[in-house]
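Note sheet for the following structure.
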Amino acid sequence: MNQHPSTSLGLLTDLYQLTMAYGYWRTGRAERLATFHLYFRNAPFKSAYAVTAGLGAVADYLDRFHFDESDTDYLAGLKGNDGESLFEDEFLSYLRRLELCVDIDAMPEGTIAFGGEPILRVTGPIAQGQLLETALLNIINFQTLIATKANRIVSVAGEHPVLEFGLRRSQGIDGGLSASRAAYVGGCSATSNVLAGKTFGIPVKGTHAHSWVMSFQSEHEAFEAYANSMPGNCVFLVDTYDTLEGINNAIDVGQKLRARGHEMIGIRLDSGDLAYLSNQARQMLDKAGFPNATIVASNDLDEHTIESLISQGASINVWGVGTKLATAYDQPALGGVYKLGAIQDDNGNWQPRMKFSDQTVKMSIPGQLQVYRFVSDGLMQFDMIDDDLLPSGKGSSIIDPNDPHRSRAINNDCTSTPLLRQWLLQGERVSEVESLASIRQRVREQCSMLDASRKRLMNPHEYPVGLSESLHRQRERLRKEQCS
């Protein structure tokens, strides 16, 4: 289902995309074919990889990409520094008539991706490719960031489920919906966000807050009232006043529930020494005859805190993670970029384009790029970036794009698969948006194909991503031409 409002989304862009589109139109170049690539330079959170997400939201956005009369009326009122209208009426008419006819090749959602390799490739009229840049980055950057964070948290939690509780701290309504969706893609089991549950079909979970307990004369009375209201959904929040006494109150009400034919689901800890309190709770619950009662923990958790609590032997069965997941607390942006890779000349011949920089990592890769993944014995070995416009024959090795002196031989025992798949053709979708269940399964499968050394939270082993020999030669030629 769509999460965006039922309105045109052509103006979901930065002004300079429109001024460039206007410039292309004024110079007669708006329909010239060009290829852009969307990628990130470095994986977030000091990870070795990222989990791609957001393609479903991109589909919603593209369905609403157009300029209606109210959009062009607004643009008609914009003035330049000279006080004159920023855009000509003829250009605004061009925008109202504009229909997307771009091709998009994309990594399927849930693909494990690495720095420098395209997640998305857009080919079509240059003005259209330019107008899509900001929104594509907005969607893919954020959801990939959150999906990656969720994946890190889930990988540490192991067999114990992780619930996403971040709506109240997320960045606005759309940010909350996007975060819930991406967290589920990354591996979370459920969300507290009911609108996300309805919109995306994500399981929803939740119990009660401290305010419920505080609204009664005593904690015991509050638990009894909740048990009477929701006898089949009792997870009692036990730390409003005194946690150990709260556990005793939960046990007492749980025994009364059992006498009426219901079973207490468990308790939730939201403050204090979670390792100590969870172990105390486990002993108390087991002794009282509730060995199956779940202990849920929340309280500003992330992958590092969870890893520490597990190493301390905490008796926690379910993790509720909110702020630090939904806001990507320790890295609030992915830093994905969108660069021109190739453009047709006046004769229709494709010409590679490359951004130069004093920093090697910021130099773009020219061409119309494809990514090939090499797998052997069920494990990912390395990825190769190649240019579809170059003659076939990729060579016998890959070359590090940031250090040409580093290379890796291509093992003949490996099988290779192209990762960018045709998703949009001439503006029409040729691949259906996948179910979240399928996307989550892809994440699980691909994570199982990564060596454990590349999944470490800290200082993971680098995954090799290199250029084909022919693409490396093309890049070096362009670099030398620029420097001459």
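Worth knowing before you read on, the calculation uses all heavy atoms, side chains too, and leaves out hydrogens, waters and symmetry mates. This chain uses plain numbering: 1 for the first residue, then up along the sequence.
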Just checking, is any N or O donor in the side chain of D302 or Y329 under 3.5 Å from an acceptor N or O on the other one?
no
Measure the CH2-CG distance between W350 and D388 for me, rounded to the nearest 0.5 Å.
11.0 Å
To the nearest 0.5 angstrom, please state how far the CZ atom of F87 sits from the OG1 atom of T19.
6.0 Å
Run the side-chain contact (heavy atoms from CB on, under 4.5 Å) test on L11 and F67 for me, step by step, so that the C-alpha distance in whole Å, both residues' side-chain angles and the decisive distance to 0.1 Å come before the verdict.
CA-CA 7 Å; L11 294 185; F67 296 87; 3.9 Å; yes
Distance-minimising heavy-atom pair for L86 and G80
CD1-CA, 3.8 Å
Show the nearest heavy-atom pair for residues F65 and L100, with the distance to one decimal.
CD2-CG, 3.5 Å
Does the side chain of N299 come under 3.5 Å of the side chain of S271 through a donor N or O and an acceptor N or O?
no
About how many Å separate CE of M107 and CD1 of I119, when rounded to the nearest 0.5 Å?
6.5 Å
If we only count heavy atoms from C-beta on, is the Q171 to T327 side-chain gap below 4.5 Å?
yes
Would you name the heavy atoms of L325 and C188 that are closest together and state the gap between them?
CD2-SG, 3.7 Å
Polar side-chain atom of D71 near backbone of D68 as donor-acceptor pair, under 3.5 Å:
yes
Provide the full list of salt bridge (Lys or Arg N to Asp or Glu O under 4.0 Å) pairs with a residue in residues 78-93, sequence neighbours left out, each pair given once.
R26-E88
For I104 and R121, what are the C-alpha separation, side-chain angles and deciding distance, and is it a side-chain contact (heavy atoms from CB on, under 4.5 Å)?
CA-CA 6 Å; I104 294 181; R121 184 177 78 186; over 6 Å; no
Any luck finding a side-chain donor-acceptor pair between Q312 and S308 under 3.5 Å?
yes
F382 vs I398 side-chain heavy atoms within contact, under 4.5 Å:
yes
Please determine if R429 and E434 form a salt bridge, counting it only when a charged side-chain N lies under 4.0 Å from a carboxylate O.
no
What do you reckon, is OH of Y94 surrounded by more than 12 foreign heavy atoms closer than 6.0 Å?
yes
Is it the case that over 12 heavy atoms from other parts of the model lie below 6.0 angstrom from the CZ atom of R168?
no
Could you tell me whether the side chains of N151 and T148 share a donor-acceptor contact shorter than 3.5 Å?
no
Can a donor-acceptor pair be found between the side chains of N402 and T360 at a distance below 3.5 Å?
no
How about CG on D377, more than 12 heavy atoms from neighbouring residues, nucleotides or ligands closer than 6.0 Å, or not?
no
Do other residues, nucleotides or ligands put more than 12 heavy atoms under 6.0 Å from K324 NZ?
yes
Using the side-chain contact (heavy atoms from CB on, under 4.5 Å) rule, take L55 and V433 through it: C-alpha gap first, then chi angles, then the decisive distance, then the call.
CA-CA 8 Å; L55 206 55; V433 175; over 6 Å; no
If we count only N and O atoms by modelled type, under 3.5 Å, do the side chains of T134 and D14 hold a donor and an acceptor together?
yes
Atom pairs and distances, donor-acceptor, side-chain atoms in residues 39-48, under 3.5 Å, two or more places apart:
from	atom 1	to	atom 2	distance (Å)
S47	OG	P44	O	3.2
S47	OG	R152	NH1	2.7

Decide if atom CZ of R169 counts as having more than 12 heavy atoms of other residues, nucleotides or ligands within a radius under 6.0 Å.
no
Under 3.5 Å, is there a donor-acceptor pair between the side chain of E117 and the main chain of F114?
yes
Is the number of heavy atoms from other residues, nucleotides or ligands under 6.0 Å of Y74 OH greater than 12?
no
Is there a donor-acceptor contact under 3.5 Å from the side chain of K339 to the main chain of F36?
no
Does K149 come within less than 4.0 Å of E303, counting only side-chain N to carboxylate O?
yes
Main chain of I112, side chain of Q446: is a donor-acceptor contact present, judged purely on distance under 3.5 Å?
yes
S357 (side chain) donor-acceptor with Q359 (main chain) under 3.5 angstrom:
yes
Quick one: pull up CD in E164 and CD1 in I153 and give me the separation to the nearest 0.5 Å.
10.0 Å
Contact check, side chains of Q381 and N411, non-hydrogen atoms, under 4.5 Å
no
Is it the case that the side chain of S431 and the backbone of Q422 share a donor-acceptor pair, with hydrogens and angles ignored and the cut-off at 3.5 Å?
yes
Whether R32 and D345 form a salt bridge (side-chain N of Lys/Arg under 4.0 Å from carboxylate O of Asp/Glu) is what I want to check.
no
With a 4.5 Å cut-off on side-chain heavy atoms, are Q130 and L18 touching?
no
Please report the shortest heavy-atom distance between G115 and V465, naming the atom on each side.
O-CG1, 4.2 Å
Return yes if some donor-acceptor pair links the side-chain N/O of T199 with the main-chain N/O of A196 below 3.5 Å, else return no.
no
Out of L425, L420, L120, which residue meets the side-chain contact (heavy atoms from CB on, under 4.5 Å) rule with D105?
L420
Under 4.5 Å between any side-chain heavy atoms of R473 and R475, yes or no?
no
Would you call H160 and I316 a side-chain contact if the rule is heavy atoms closer than 4.5 Å?
no
Donor-acceptor contact present, side-chain T144 to main-chain A53, <3.5 Å
yes
Side chains of E469 and S397: is there a donor and an acceptor less than 3.5 Å apart?
yes
With R440 as the cation and Y184 as the aromatic partner, state whether NZ or CZ is under 6.0 Å from the six-membered ring centre and within 45° of the axis.
yes
Residues 362-369, side-chain donor-acceptor partners within the protein, below 3.5 Å, at least two apart:
from	atom 1	to	atom 2	distance (Å)
S364	OG	K355	N	2.7
Q368	NE2	T35	OG1	2.8

Would you indicate whether the side-chain heavy atoms of R477 and K480 approach each other to under 4.5 Å?
no
Between E476 and R479 (salt bridge meaning N to carboxylate O under 4.0 Å), is one present in this structure?
yes
With the side chain counted from C-beta on, respond yes when V375 and T417 share a heavy-atom pair under 4.5 Å apart, and no when they do not.
no
Any side-chain donor near an acceptor of the partner, R181 and S178, under 3.5 Å
no
Quick check: closest heavy atoms across V185 and V443, and the distance to 0.1 Å?
O-CG2, 3.5 Å
Test side-chain contact (heavy atoms from CB on, under 4.5 Å) applied to L95 and L92, step by step
CA-CA 5 Å; L95 290 180; L92 301 180; 4.3 Å; yes
Do S298 and D270 have a side chain donor and acceptor closer than 3.5 Å?
yes
Full working for side chain to side chain donor-acceptor pair (under 3.5 Å) between Y372 and D383
CA-CA 6 Å; Y372 294 88; D383 287 4; over 6 Å; no
Output for pair (C101 SG, L424 CG), nearest 0.5 Å, gives 10.0 Å
Checking the side chain of Y463 only, and the main-chain atoms of M380 only, is there a donor and an acceptor separated by less than 3.5 Å?
no
Is the CD1 atom of I173 crowded by more than 12 outside heavy atoms at less than 6.0 Å?
no
Spacing of L274 atom CG and L301 atom CG [to the nearest 0.5 Å]
6.5 Å
